[in-house]
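Presented below is the structure to which this report refers.
Throughout, protein chains are lettered first and strands after them, A, B, ... in sequence-line order, and every chain is numbered starting at 1. Computed from heavy atoms alone, side chains included, the values below leave out hydrogens, waters and symmetry copies.
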There are 2 protein chains.
Amino acid sequence: MTHGVRLSWKEVRDHIQSGILDRTYAPGDKLPRDADIAAKLGCARSTVQRAMNDLSEAGLVERKRKGGTHVRMDPVTRAVVDIPITRQEVEQRGRIYGYELLGKKICRPLREITGKLEDSEPKDMLRVKALHLADHRPHIYEDRWISIQSAPEILTVDLTRESANEWLVRNKPYTRCDLRFYAIPAHAEVAKVLEIEMGSALLVIERITWNGSKPITLVKAYTAPGYEILTSNYAGGLEK
Amino acid sequence: MTHGVRLSWKEVRDHIQSGILDRTYAPGDKLPRDADIAAKLGCARSTVQRAMNDLSEAGLVERKRKGGTHVRMDPVTRAVVDIPITRQEVEQRGRIYGYELLGKKICRPLREITGKLEDSEPKDMLRVKALHLADHRPHIYEDRWISIQSAPEILTVDLTRESANEWLVRNKPYTRCDLRFYAIPAHAEVAKVLEIEMGSALLVIERITWNGSKPITLVKAYTAPGYEILTSNYAGGLEK
DNA sequence: GACTTAATTATGTACATACATGTTCTCTAA
DNA sequence: TTAGAGAACATGTATGTACATAATTAAGTC
């Protein structure tokens, strides 16, 4: 990696990982103790531990106190998804970003919504419908519910100029975020807004953000046909 | 967390994070140097660094040598997706897992496939079509291409008994894995296999695994209607 | 023999220190 | 004024040590 004089934890990690790849250590096998690996490679235990930590996070091995380190039997495919602000996502692809507010009103959330928010006593929320454009064509249609309790200031924001997406992400940081991806056929409303045929297959990104145990917002982002979510790789070569 | 006598790096992390949440440090702001935070909280710099590292991985802050640590302007929503082996996924929900091999033949990959594999000189691959069942009903239809060069042993495996999915994951560990999620309308073949109507909206999980720069396998997993991908949360409260 | 208790052991955490690595800033020379 | 060399600086990495924690194993007791 850098210079071989001192072993970096990434080198150690790669060493162990290649041991797993070439089946020196097969699934289920127990790896040597950190201290032994350290002695063998000639580095400190803490260096080995850092390497092991990374492999453990990546889902390649499992560690237990006293139990030692084992190669995982059923390695999961673990990946990281980054969902940027829509404007960024569009502009990064060199396309022109546009935004339109389609509707906004305060109303009682549907049962479907309150259920997801684990909200026992539903209160009025702000519902915002908006369209994100890429190169002047419909890109994402978002149907958003915002908790007025968690974000009362949203009522004073001019949502024709700034998207609720951006305002919230800049002004209402969250402690938790649940994502859900699924596909549905476009219903009439969505089809009209996205200018596609009814029944077209759409990828929906549903997101709920929380501050502690209080929900801030729930969005259903209906993406235009052809939309894809890509993942950056996690296991192993996370770093450059 | 544990006992307050010594400050754990998670406590430090939470402390800093709440500082960001309550806007003591707003987006774009510069945080104090690690050493200063350490002095203020009364812990070692390495403890602060570990905490910062976590926040940085979570996408909350950005760190640069000499530049210091800044709260990110455009916090990305970052989440971890775990894609388990299908059997596991089904059984974990308390349903009965089933598997059927639908077809298997060696053939020249389509141009569409070779393109994704960055394969200049396409060679014959093994194409395997299979159906995963949950409670005896179609769950996922997979259309898989396997590189015979990377995994020649696959030709000797009895794929009517063991799914290529499982065999590969246990016997051909990978160094990289690209995932792609998108929605398509069901075409005739898929519709028939999954026992749904043509044109139904399907969530497709496309996965390519690599060993170094050599592709091992490419799968298109057509999931039955209603299928969802959920994420475990990353930012902030990753640990219990 | 079954249960409880204690010793053992491998990983986990915290700390202090020394040095490496990039950035940024500053000072100097053309 | 500008370009370039170099100092200053904040984060990154590696190490050794001491102790904490959890899980297993062994010993001891009824």
Any donor-acceptor N or O pair under 3.5 Å, side chains [X], [Y]:
{"X": "Tyr182(B)", "Y": "Glu206(B)", "value": "yes"}
{"X": "Arg207(B)", "Y": "Thr77(A)", "value": "yes"}
{"X": "His132(A)", "Y": "Glu100(A)", "value": "no"}
{"X": "Asn171(B)", "Y": "Glu153(B)", "value": "no"}
{"X": "Thr69(B)", "Y": "Arg63(B)", "value": "yes"}
{"X": "Asp54(B)", "Y": "Trp9(B)", "value": "no"}

To the nearest Å, give me how far apart [atom1] ([X]) and [atom2] ([N]) are.
{"X": "Met52(A)", "N": "dT13(C)", "atom1": "CE", "atom2": "P", "answer": "15 Å"}
{"X": "Asn53(A)", "N": "dA14(C)", "atom1": "CG", "atom2": "C1'", "answer": "14 Å"}
{"X": "Lys30(B)", "N": "dT23(C)", "atom1": "NZ", "atom2": "P", "answer": "15 Å"}
{"X": "Glu62(B)", "N": "dA10(D)", "atom1": "CD", "atom2": "C1'", "answer": "15 Å"}

Worksheet item: Among residues 33-51 of chain B, which contact DNA chain C at a heavy-atom distance under 4.0 Å?
Response: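 Within this stretch, Cys43(B), Ala44(B), Arg45(B), Ser46(B), Thr47(B), Arg50(B) sit under 4.0 Å of the strand.
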Worksheet item: Do any of residues 64-74 of chain B sit with a heavy atom less than 4.0 Å from DNA chain C, and if so which?
Response: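 Lys64(B), Arg65(B), Lys66(B) - these, ordered by number, are the residues of the stretch whose heavy atoms sit under 4.0 Å from the strand.
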Worksheet entry | Output field: ring centroids Tyr227(A)/His139(A) closer than 6.0 Å |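 Yes, ring centres under 6.0 Å apart.
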Discussion item. Is it the case that atom CZ in Arg137(B) sees more than 12 heavy atoms from other parts of the structure closer than 6.0 Å?
Written reply: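 No - once you tally the heavy atoms of other residues, nucleotides and ligands closer than 6.0 Å, there are 12 at most.
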Pairs: protein N or O with nucleotides 5-7 of chain C N or O, under 3.5 Å:
none

Worksheet entry | Pairing of Glu91(B) and Arg95(B) as salt bridge, 4.0 angstrom limit |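 Looking at Arg95(B) together with Glu91(B), the answer is no, because their closest N to O distance does not fall below 4.0 Å.
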Worksheet entry | Nearest-0.5 Å distance that lies between atom CG in Leu179(A) and atom OG1 in Thr231(B) |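 So the CG of Leu179(A) and the OG1 of Thr231(B) are separated by 4.0 Å.
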